[in-house]
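Written out below as structure tokens is the structure these notes cover.
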Amino acid sequence: MTAHGEQPRGRRGGTTKGDGMAEARVIPIRGNRGPARADEQASPAAAPPMPMAPDEQEQPAWETALEQVLEFLRRRLTGDYQVDEFGFDPELTEAMLLPTLRPLYQRWFRVETIGAHHLPETGGALLVANHSGTLPLDAAMTTVAVHDEHPSHRYLRLLGADLMFTLPVSGSLARKAGVTLACNPDAERLMNAGEIVGVFPEGFKGIGKPFRDRYKLQRFGRGGFVSAALRTGVPIIPCSIVGAEETYPKIGDIAPLARLLGAPYFPITPTFPLLGPAGLVPLPSKWYIEFGEPIRTDHLTPADAEDPMLVFNMTDQVRETIQHTLYRLLSQRRNVFLG
Amino acid sequence: MSSSTPKVVLVTGVSGFLGGHLAARLAANPDIERVLGVDTVPPPRDLLKRMGRAEFVRADIRNPLIAKVISTAGVDTVVHASLSASPASSGGRATMKEMNVIGTMQLLAACQKAPSVQRVVLKSTTAVYGSSSRDPAVFDEAIGAKDLPSGGYAKDAAEIEGYLRGFSRRRPDVTTTVLRFANFIGPRVDTVLTRYFALPVVPTVLGYDARIQLLHEEDGLAVLERAATHELPGVFNVAAHGVLMLSQAIRRAGKVPVPVPSSGVGTVSKVLRGARVVDFSPEQMRFLNFGRVVDLTRLIDDFGFEPRWTTTQAFDDFVRGKALSPVLGAERIASVERGLLGLARGLRQERA
């Protein structure tokens, strides 16, 4: 629309300045968004990109970075981006959400990811993980792990509790990050579309368990996740997360206050609510995320999803695998904070 | 079926945008002998002119007289397109409910008694799925609403669909088609949503960003026309491909979103209603919280219709067609961007 009319002017302005950089300064309309995004990803706006194409040596790195930031801002302000039917906004995730989480992943928790080769190159999969830590930092870190450690930077599409979508801000932010409601229609739709879906079958029982029960897996629900995987024929990847339990050790629970707020629990940790907002800083535990060997389901038929015995056995198999991996990782860990 | 083209079509709600233009399209089809348009008020003059040979019958579908119209004309296809969504245009919520629910009951009773009727097409809405945080992200036709719509337009539509199911049990020889339309948008249609986006500053609910799926008015008309002239029994979601976030749509229109805390939303909508700008009902406010997206598999595979406009294209067409005056236009943003880049370049050259 308007961009069409503006483009020639912008280009001419560039050539009169006499640096022959028209190519870099073309204001992309919609078509050439792909490469621009790839650039952004390779060099987050915060860190100036050093190695650039040889013909760009005239232009200092900060100016290229400025161009990218401005272009990103313009696209956001004019609504020129795409979301999928679940509300997932890849551009925002790539440019804002993941870069915010990355320091936490790399520096604070120093996450070590094991077995990323078990994540499929293409096609759907169901990642089943243990849930812990009072606040769902494990979900955020697993999202970073899948994206950064996978060779083709795939997105993890998490399934979240309905409480998250009822609350303001968290609900809309979660949707933009690719989370959707934990229900079978959504899970199957995503897996049929070839996405890696992540689920925490323990739910609030897992994330809100007291510190003394750390690394003890809670009940895995009714195995709804197994039937969803069976119906879509995608592999189940057990995922064991060590370290999240120690971020906010929940040593107490003010149940009446939780009821008042409509929350599943109101945690007391060594630092919260004692230190107020400072108590929200997670303890810097050393994390390990291990993706286990995929459990294949393609030899089974969708009809098997109706067989309660089979679903139950498979649920148990996944649960046992995660529990044993947790014990193994824990026995190898010498120190909670140093690893 | 061999005789799929109808002979005599009755369209309700012809004074509205959809009913009127549908009557015009059907009147342009030489295979159809007669097109009757029914409404309580005559259509605007330009719409009447467009309707051509379609006949306007001033009748109230709440009145049993409608049975006489159907039987004397030998109507074989009824397109019930008068379902109204905004209380203001139909004279208050009570009248709107009566028009929607009682009107449909009378109309279906008349159809049941008329042996000539072979096909009934109902214009329903995707609002029957409700809108809540506990719903799946994408609704297909088999999913019921988690929270049944408690009032307003959505409840009317859910009840009317129930009546039609009852009707088809009593008259199994009649083909019934239920079309659940997403919100219409386009340069010509006038709905609550188009007025909402035309506001200079657009109130949104703080902390929520709805996924909205729209339908271009032309696609909507084409679907209604196809349902009226083909044998396509069943329930179908009708919407465009793709999704826009509410905040994104507001920015595409060049408007400024103003987030209002949930507790203040009621007041804002009351003010807007009082000023006769936009008449927002509670269920439409919930729609602005969570939005709604529907599955189109049945529309494409079984109904045989592929929407020509995506949600984004339809919305852009609406913005262009209505010539909305942008408060914060794309042009201005682009010029600020150029200005800043020029400044940076100037700085560099000065230093060199």
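Numbers restart at 1 for each chain; the letters A, B, ... are given by sequence-line order, proteins then strands.
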Look at atom CZ of Arg332(B) and say whether more than 12 heavy atoms of other residues, nucleotides or ligands are closer to it than 6.0 Å.
no
Test item: Asp162(A) side-chain N/O and Arg134(B) main-chain N/O as donor-acceptor pair under 3.5 Å
no
Options Leu66(A), Thr180(A), Leu77(A), Asp89(A), ranked by heavy-atom pairs under 4.5 Å with chain B, top entry:
Leu77(A)
Contacting region of Asp295(B) [heavy-atom separation from chain A under 4.5 Å]
both
So which heavy atom on Glu67(A) is nearest to which on Glu337(B), and how close?
O-OE2, 4.3 Å
Nearest heavy atoms of Pro136(B) and Leu181(A), plus distance in Å:
N-CD2, 4.2 Å
Candidate pair Arg189(A) and Val138(B), rule side chain to side chain contact (heavy atoms under 4.5 Å, CB included), full reasoning
CA-CA 9 Å; Arg189(A) 182 173 277 272; Val138(B) 183; 3.5 Å; yes
Any side-chain heavy atom of Arg175(A) within less than 4.5 Å of one from Phe290(B)?
no
Is the closest basic N to carboxylate O distance between Glu85(A) and Arg211(B) below 4.0 Å?
no
Are Val83(A) and Gln248(B) side-chain neighbours, meaning at least one heavy-atom pair lies under 4.5 Å?
yes
Using non-hydrogen atoms only, which part of Asp84(A) is less than 4.5 Å away from chain B: side chain, backbone, both, or neither?
backbone
Would you say CZ of Arg222(A) has more than 12 non-hydrogen atoms from neighbouring residues, nucleotides or ligands within 6.0 angstrom?
no
Residue, of Val293(B), Leu340(B), Leu347(B), Ile333(B), that accumulates the most heavy atom pairs under 4.5 Å with chain A
Ile333(B)
Counting only heavy atoms closer than 4.5 Å, note whether Leu167(A) contacts chain B via side chain, backbone, both or neither.
backbone
Heavy atoms of other groups near Glu306(B) CD, more than 12 under 6.0 Å:
yes
Asp209(B) and Lys176(A): CA distance, side-chain angles, deciding distance, side chain to side chain contact (heavy atoms under 4.5 Å, CB included) verdict:
CA-CA 9 Å; Asp209(B) 201 0; Lys176(A) 283 176 192 188; 2.7 Å; yes
So for Leu206(B), is it side chain, backbone, both, or neither that comes closer than 4.5 Å to the heavy atoms of chain A?
backbone
Chain B contact via Thr166(A) - side chain, backbone, both or neither, heavy atoms under 4.5 Å
both
Quick one: closest heavy-atom pair of Arg251(B) and Gly79(A), and the distance?
CB-N, 4.0 Å
Whether the side chain of Tyr208(B) engages the backbone of Phe165(A) through a donor-acceptor N/O pair (distance < 3.5 Å, no angle test) should be reported.
no
Chain B: which of Cys183(A), Gly171(A), Ser172(A), Ala161(A) shares the most heavy-atom pairs with it under 4.5 Å?
Ser172(A)
